[in-house]
There are 2 protein chains.
Amino acid sequence: MANTNFNTDFTPLTVDPDKIYDYSFSIIDEEMGEHSFSEDQWKVVRRIIHASADFELGRSVLITPDAIEAGIRAILNGRHVIADVQMIQSGSGQKRFQKHGGDLHCYIADSDVSAEAKKLGTTRAIISMQKAVRKHVGGIYAIGNAPTALLELIRLIKEGVAKPDLIIGMPVGFVSAAESKEELAKLEGIPYITNVGRKGGSTVTVAALNAISLLADERAKEIK
Amino acid sequence: MANTNFNTDFTPLTVDPDKIYDYSFSIIDEEMGEHSFSEDQWKVVRRIIHASADFELGRSVLITPDAIEAGIRAILNGRHVIADVQMIQSGSGQKRFQKHGGDLHCYIADSDVSAEAKKLGTTRAIISMQKAVRKHVGGIYAIGNAPTALLELIRLIKEGVAKPDLIIGMPVGFVSAAESKEELAKLEGIPYITNVGRKGGSTVTVAALNAISLLADERAKEIK
């Protein structure tokens, strides 16, 4: 009969979460070999590889020179973080931003967003970005699923109604995903983290967001 | 100034969500070429490729001959679905199971789980599987993140305290992920969906779970 006294008899298996991370990172460092990412960029890319077990995806990452610093500063200044899908919200968690005064929002499941998308015959992702920008002209935009969300955000930036502190734009897929990231990489004056090609997704977007948030925590400790 | 009347002027961009799916699937069908998956298995694998843009990952998928039917029947019989991480719970959504009488649970963030994991110096993933099995001997177990969760579930099956209707086991990573899936593939008498190697993750686990749930919906319509 099942009870609370199961033996967790995995002697040969590492079950210490910190050790699992350290061991994973040492494997990734070793297998990655040569690369041209800076030390801080590698902290982001390594977590992307950790979340995907995909070195090809890791090597396809593009990070503007100002992106990591912009992300750290945004979090420490309590700027808000906007995710395109709820998987990112639950995967990253709101607590890591709330402790610095900001929060992590996702509007795609809001009833007014669905209603408007239905009325206009468009995606909820597009309408949710419009709602997000009305609430947060700046902040960190983390888009890991919907190319239409990223394209809409880029359009709103070009129209002058959005000015994110940082965009993490890594939507995945076969229709417009690679193209949306090409458009992002053409933007000037907006710090971004993205990647080349079809691959991406919520888990790697969470990995990048969490990497930035951990760097912000380190910075907060240094300041104290 | 931002307002509700943004033009969504993406004339060349497909923004009809159903059309985006259809178009994506036709690209995947074409680029995949020859494979040995059955028609129903392909419906699962195609969604995994759709969520990852990764044909290599798609080709690494293993599905037992009874897995899809077992999953459909479990959902239609209102059996519960257990996810190892909250990203799977939010990505798949509880509604799709509640309408058939079941529900989608995730115990990893429960305070009793954290407390016990801390006390025993082990992972929350392991303790959350023990809690899940005490509540649900059967049901669908969807594990996309933690190898230790999958290994613990396999141990509980071997001890005779767990007997899932279906395991979707696709944890990702560098420490024990591939090994945990090898162990799953050795199990006899338990239907499973898994893959070979380090790749996997919450998004592809959600894709497989949603594919099964959509097949269950189709079956429910046929029965009516």
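In what follows, every chain begins at residue 1, and chains take the letters A, B, ... in the order their sequences are listed. As the structure is a computational prediction, the values presented were derived from the model and not from experiment.
No donor-acceptor pair under 3.5 Å is formed between the side chain of Arg59(B) and the backbone N or O of His35(B).
Distance CE/Met87(A) to OG/Ser92(B): 9.0 Å, rounded to 0.5 Å.
Ion pair Lys99(A)/Asp217(A) flagged as a salt bridge, since at least one NZ, NE, NH1 or NH2 atom sits closer than 4.0 Å to an Asp/Glu carboxylate oxygen. Salt bridge status for Arg155(B) with Glu159(B): present, with a side-chain N to carboxylate O gap under 4.0 Å.
Residue Val206(B) touches chain A through its side chain alone, counting heavy-atom pairs closer than 4.5 Å. Using a 4.5 Å cut-off between heavy atoms, Glu31(A) touches chain B through its side chain atoms alone.
In Glu56(B), the CD atom is not crowded: 12 or fewer heavy atoms of neighbouring residues, nucleotides or ligands sit closer than 6.0 Å.
For the set Gln86(B), Arg124(B), Lys199(B), the count of heavy-atom pairs under 4.5 angstrom toward chain A peaks at Lys199(B).
Taking the six-membered ring where tryptophan is involved, the planes of Tyr21(A) and Phe25(A) are perpendicular, since the angle between them exceeds 60° and thus also 30°.
Closest of all the heavy-atom pairs between Ala142(B) and Thr205(B) is CB-CG2, 3.9 Å.
Contact residues of residues 43-53 of chain B toward chain A are Ile49(B), His50(B), Ala51(B), Ser52(B), Ala53(B) (heavy-atom distance under 4.5 Å).
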